[in-house]
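The block underneath contains the structure these notes are about, expressed in structure tokens.
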Amino acid sequence: MKITVIGCGYVGLVTGGCLAAVGHHVTCVDNDPKKIIALEAGHIPIYELHLEEVIAACRKDGRIKFSGDLPSAIQEGEAIFICVGTPPLENGEADLSAIDSVARIIAAEAHGPKLVVEKSTVPVQTGQQLKRALEVYGRKSGAHFRVVSNPEFLREGTAVLDFMHPDRIVVGVEDEAAAKQMREIYAPILDRKFKCPVHPQGCPAGEKPHYLVTTINSSELIKHACNSFLALKISYANVLADLCERLGGNIEEVTRAMGMDPRIGPFFLKAGIGFGGFCLPKDLQAFVALARRAGVDFSLLREAENVNKDRIEQFLAKIRRALWVLKGKQVGLLGLTFKANTDDIRFAPSIDLIRKLLAEGASLRAYDPEAMERTRETFPQVRYADPYEVADKADALLIVTEWEEFKKLDWARVRDSMMRPLVFDGRNLLDPAKMRELGFEYQSIGRP
Ligand code: UGA
């Protein structure tokens, strides 16, 4: 099928690349000409495992192209996937202006039948507004629009794997024809019949993904409900970790046993310095704002948000207790991204942490395998260096992101070069017993 993807961010590039990889002909468009030039030259502007290879292979086969010409791309595509950003407004609600503007262009430029797929994360009832905008602004075009909500459940870092092997594909539709067309688009994935870029030796055996057809409103709610629930789980684990610290207990033992109950499940119970990224915090905020506007009290989620906001303060309190005065102390940060295997620092706990440490007069060095250049733009006063230089003469080292490579550091060398061998592990990445054996003063989250 001929598919147009509007927006070349994380979601757009993964969606476009993967749909091309399973056999469709995809045009990805973006209104940033620099991005298009870079993509045309084969540069993928984000770090996402497998994505570069997937896109390179599809370009070679002529199944994907990049363009700044939105009107032509709209005319060509039988299905148009809207993957533009919906960043948070001051009041927490999602900014839908990019969707609105794209909708008006689609309406004006389209001829004939078009399946318009809302892939960006949006509040419930956006589909209705989108449909109305398409009809109102497209009244002279003679086009016929079918609107579909098709939320993405991709995690950064494993987005290609998640797209190719989803647990479920949710489509919110108004009629049977739209459900059928969406089934066709996803058929290779639903039937597990495609050449998998993630598993060149063959995919591991597993169940086929569920194909769930719902109303548009339900589908939009599903996305927010999932991310908010994940956030709730993390905040729950983080408060439990505080309890473990105060009353004696080990959060890892507690959550491990909890996770063995299939009604709870083992995932998203890892305690730490809180959730970040461009999805969980913003979706949680948007869902709370949406509920408030609808007259529903979702203070349960507000509390999850409050717990999360407080994580950095709690982490800092531990650092202050150990270092006494922060002014003039040299503190090293290992990890800047909001989680491992991504280059994304948006709403990363590191940002708040750096800001507060600088405000208290600490002198900072930092290392991250993927995000030093980006972070330098916001914090030029931090010195960026390799992990050993970050540790050199430091009064304390903070583990901020759970990059695997930190486990493999020569920790004896780190210990010897530090002014004081003091480590605060905000991700429970290292083994407390081993760290103490090595002679570190070591503190983590919710572990004795
Ligand atoms: C999240 C969801 O997991 C995806 O399903 C969803 O599609 C995506 O948002 C989206 O809406 O686009 P992502 O933001 O990539 O994916 O990251 P997660 O893996 O969910 O992690 C979010 C944050 O929670 C990270 O800061 C991570 O370190 C933290 N986290 C995660 C914990 O603190 N504890 C956990 O147990 C799990």
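One-based numbering, in listed order, for ligands and for the atoms of each. When reading the values below, keep in mind they use all heavy atoms of this one structure, side chains included, and skip hydrogens, waters and symmetry mates. Keep in mind that what you see is a predicted model, and the values were worked out from it rather than measured. Each residue takes its place number in the sequence, starting with 1.
- Heavy atoms of Asp162 found under 4.0 angstrom from ligand 1: none, in either backbone or side chain.
- No salt bridge links Asp368 with Arg376; every basic N to acidic carboxylate O contact stays at or beyond 4.0 Å.
- Remark: ligand 1 and Leu269 share an N or O pair separated by less than 3.5 Å (distance only, no angle test).
- Considering backbone and side-chain N/O atoms, Arg155 never comes within less than 3.5 Å of an N/O atom of ligand 1.
- Donor-acceptor pairing under 3.5 Å is lacking for the side chains of Asn217 and Gln125.
- Looking at Thr342 against ligand 1, nothing comes within 4.0 Å, counting heavy atoms.
- Figure legend: cation-pi geometry between Arg292 and Phe298 absent, as NZ or CZ is not positioned both under 6.0 Å from the six-membered ring centre and within 45° of its axis.
- Cation-pi geometry between Arg436 and Tyr442 is not met: the NZ or CZ atom fails to fall both under 6.0 Å from the ring centre and inside 45° of the normal.
- Salt-bridge annotation for Arg320 and Glu313: present, with a side-chain N of the basic residue lying under 4.0 Å from a carboxylate O of the acidic one.
- At the shortest separation from atom 20 (O) of ligand 1 among protein heavy atoms lies Phe268 CZ, 3.2 Å.
- Glu40 has no carboxylate O lying under 4.0 Å from a charged side-chain N of Arg59, or vice versa, which leaves the two without a salt bridge.
- Here the closest non-hydrogen pair linking Leu333 and Leu364 is CD1-CD2, 4.1 Å.
- The option from Lys339, His224, Glu156 that lies nearest to atom 17 (O) of ligand 1, judged by heavy atoms, is Lys339.
- Residue contacts with ligand 1, taken as heavy atom pairs separated by less than 4.0 Å, involve Lys223 solely via side-chain atoms from C-beta onward.
- Polar contact check, Asn227 against ligand 1: a nitrogen or oxygen pair lies under 3.5 Å apart.
- Look at Gly276 and you'll find a heavy atom under 4.0 Å from some atom of ligand 1.
- If you check each of Ala340, Cys279, Gly277 against atom 14 (O) of ligand 1, the one with the closest non-hydrogen atom is Cys279.
- Considering backbone and side-chain N/O of Leu280, none are found under 3.5 Å from N/O of ligand 1.
- For Gln381, the CD atom counts as densely surrounded, since its 6.0 Å shell holds more than 12 non-hydrogen atoms of other residues, nucleotides or ligands.
- In this structure, Lys233 fails the cation-pi test against Phe229, since its NZ or CZ atom is not both closer than 6.0 Å to the six-membered ring centre and inside 45 degrees of the ring normal.
- The proximity of Ile234 to ligand 1, defined as any non-hydrogen pair under 4.0 Å, is limited to the side chain.
- The heavy atom nearest to atom 24 (O) of ligand 1, considering only Phe153, Phe275, Phe267, is found in Phe275.
- Selection from Lys233, Arg427, Lys270 by nearest heavy atom to atom 28 (O) of ligand 1 gives Arg427.
- Near Asp283, with a cut-off below 4.0 Å to any heavy atom, the atoms of ligand 1 are 11 (O).
- Counting heavy atoms only, Leu154 comes closest to atom 8 (C) of ligand 1 of the residues Leu154, Thr401, Thr158.
- Checking side-chain atoms of Asp283 against main-chain N and O of Asn227 turns up no donor-acceptor pair under 3.5 Å.
- At least one N or O atom of Glu152, backbone or side chain, sits closer than 3.5 Å to an N or O atom of ligand 1.
- Ion pair Arg346/Glu156 flagged as a salt bridge, since at least one NZ, NE, NH1 or NH2 atom sits closer than 4.0 Å to an Asp/Glu carboxylate oxygen.
- Annotation for ligand 1: atoms under 4.0 Å from non-hydrogen atoms of Leu230 are 3 (O).
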